[in-house]
Amino acid sequence: MQTTTNMTRYIKQSLLFIGLVLLFSSVSSFKMPTPARKIKLGFIPLTDCAPLVAAKELGLFAKYGVDVELSKEASWANIRDKVINGELDGAHCLFSMPLSVYTGIGGKAGTEMKIALVLNNNGQAITLSKEFCGLAGFKEVNKAAGAVKTVQGRKEVTFAMTFPGGTHDIWLRYWMAAAGINQKSVGIITIPPPQMVANMRVDNMEGYCVGEPWNGLAAAQNIGFTHISTQDLWKHHPEKALVVNANFAATDKEDLKKVMKAIIEACKWLDNMGNRKKAASWLTKPNYVNAPLQVIEARLAGSYDLGCELGVQKYKDDYMTFYNNGIVNMPRKSHATWFLAQYVRFGYLKSDPDYKGIVEKLILDDLFAEVAKEMSVPVQPDMQPFKTAYDVSFDPNNVAAYLKTTKR
């Protein structure tokens, strides 16, 4: 009897041991799900950071399965450095900044930042100080050179832009060429966008080119007036882009595609004009643009109170656009080639760069096409001639012919 009891106890202990072994084996083979890597995207306080803000506020990053943190940055130089060193995976960025950095104008030559998609068209402007009131009004480009000479009779004239070789720098120089203003006769300084109005108020410059709401705010505060918007220089020009760290683009392609999809969906939402008041209510907050709601809302709606008693300009189809049936979002090699040509035109580069090699290296149009196909977004034709408002036609396949005939 004792033998039977011992045997039963032995069997129970053995079964318990086997059960524990199986349990621990099962536990050790179970892998906890890896939390999504946090993706950090930078932005500058400008109205056209709206696609990133909307994607965050609408929960679209989460919808596509990526954990995105937005980081408010102080300057474009800050954005450049952090995207290059990987502190930021990507950012709302001047379309031409990667071209400027790669060619050594705005950074260390040969450094790569990739352009994944375009965030918006239009929506920048050239603001002149009140000293120009009555000398050159809205879109009176033909009066600008005379107005500058008049003001130079009293003081030196300085203009500000936001980054060497960036879009605002090129819009400013393009306007001066159109107006016949000798670029060597004026000062050109670099100031971060949110500091433009304050610097004009203390008389540090007589004009600047920047994105909204900093042109609208100067008019609202009676510091200056909107002389011309950039859509008047080139209707539907590329402006900000999603620019990403080169290693992120190479190693985290699937996450990058999810980020792009969330932002494209946000761009579609923003192009519904009924949603723009809501977007303005987000942008006005201190953690985003931190500017008056009515200024952001009006210019986002295409209604420009110009200042200097010039009235209100209503833009009907060329206000700031974010999607426009996919026309906005495709990063075009032809547009990048145009910016590279401006670097030669305005003396930043002494000779022609490798136009084709640079745009092939920096523009992720193949990745965009892949994302667009999966989202049924129309893909636009590229490398075709186009014309801007105050210049000769530009053929991206024949830059030499353009540079021979355009004004400098």
Side-chain angles (χ1 to χ4, degrees), residues 41-61 63-64 68 70 90-96 115-125 167-168 171 193 210-216 229-231 234-244 257-284 288-289 291 295-304 314-332 335 364-365 368 371-372 375-380:
L41 301 179
F43 71 93
I44 292 290
L46 286 160
T47 301
D48 53 25
C49 72
L52 271 61
V53 172
K56 186 71 174 178
E57 296 290 340
L58 293 170
L60 297 176
F61 290 127
K63 172 184 172 181
Y64 284 97
V68 171
L70 299 185
H92 150 256
C93 189
L94 302 162
F95 175 81
S96 59
I115 303 173
L117 61 86
V118 177
L119 300 178
N120 69 293
N121 285 173
N122 311 323
Q124 324 300 299
T167 52
H168 302 131
W171 307 140
V210 74
E212 299 299 344
W214 309 117
N215 300 291
S229 75
T230 52
Q231 52 266 41
W234 176 1
K235 185 177 179 179
H236 299 326
H237 65 78
E239 182 50 45
K240 301 303 185 302
L242 176 67
V243 170
V244 297
K257 285 176 62 178
K258 292 173 185 174
V259 169
M260 292 166 69
K261 288 178 180 178
I263 292 175
I264 289 172
E265 188 167 330
C267 287
K268 290 182 180 179
W269 184 87
L270 285 163
D271 260 12
N272 180 338
M273 296 302 282
N275 292 328
R276 294 208 171 184
K277 284 193 173 185
K278 184 65 179 175
S281 73
W282 292 327
L283 293 168
T284 191
Y288 292 131
V289 178
V295 175
I296 296 176
E297 192 175 293
R299 295 229 165 180
L300 202 49
S303 180
Y304 286 42
K314 299 274 190 182
Y315 287 95
K316 295 181 179 177
D317 67 343
D318 52 354
Y319 40 72
M320 188 179 290
T321 55
F322 299 95
Y323 179 67
N324 194 11
N325 199 32
I327 291 172
V328 172
N329 308 109
M330 179 178 162
R332 291 176 174 79
H335 292 172
L364 300 179
D365 56 339
F368 175 81
V371 170
M375 296 186 76
S376 300
V377 173
V379 174
Q380 308 301 316

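Judged by distance alone, the side chain of Asn120 and the main-chain N or O of Thr321 form no donor-acceptor pair under 3.5 Å. One N or O on the side chain of Thr47 and one on the backbone of Glu212 form a donor-acceptor pair closer than 3.5 Å. Formation of a donor-acceptor pair under 3.5 Å by the Asp271 side chain with backbone atoms of Asn324 is found in this model.
The CD atom of Glu57 sits 3.5 Å away from the OH atom of Tyr288 when rounded to the nearest 0.5 Å. In this structure, Leu41 CG and Phe61 CZ are separated by 5.5 Å, a value rounded to the nearest 0.5 Å. A distance of 9.5 Å separates NE2 of His237 from CG of Asp318, quoted to the nearest 0.5 Å. To the nearest 0.5 angstrom, His168 atom NE2 is 3.5 Å from Gln124 atom CD. Rounding to the nearest 0.5 Å gives a distance of 9.5 Å between SG of Cys93 and CG of Leu119.
Side-chain contact annotation: Tyr315 with Ser229, donor-acceptor N/O pair under 3.5 Å present. Donor-acceptor pairing under 3.5 Å is recorded for the side chains of His236 and Asn122.
For His335 and Trp234, the distance between ring centers is under 6.0 angstrom.
The number of heavy atoms from other shown groups lying within 6.0 Å of NZ (Lys235) is above 12.
Look at Lys63 and Glu265 and you find a salt bridge, because one of the NZ, NE, NH1 or NH2 atoms lies within 4.0 Å of a carboxylate O, short of that distance.
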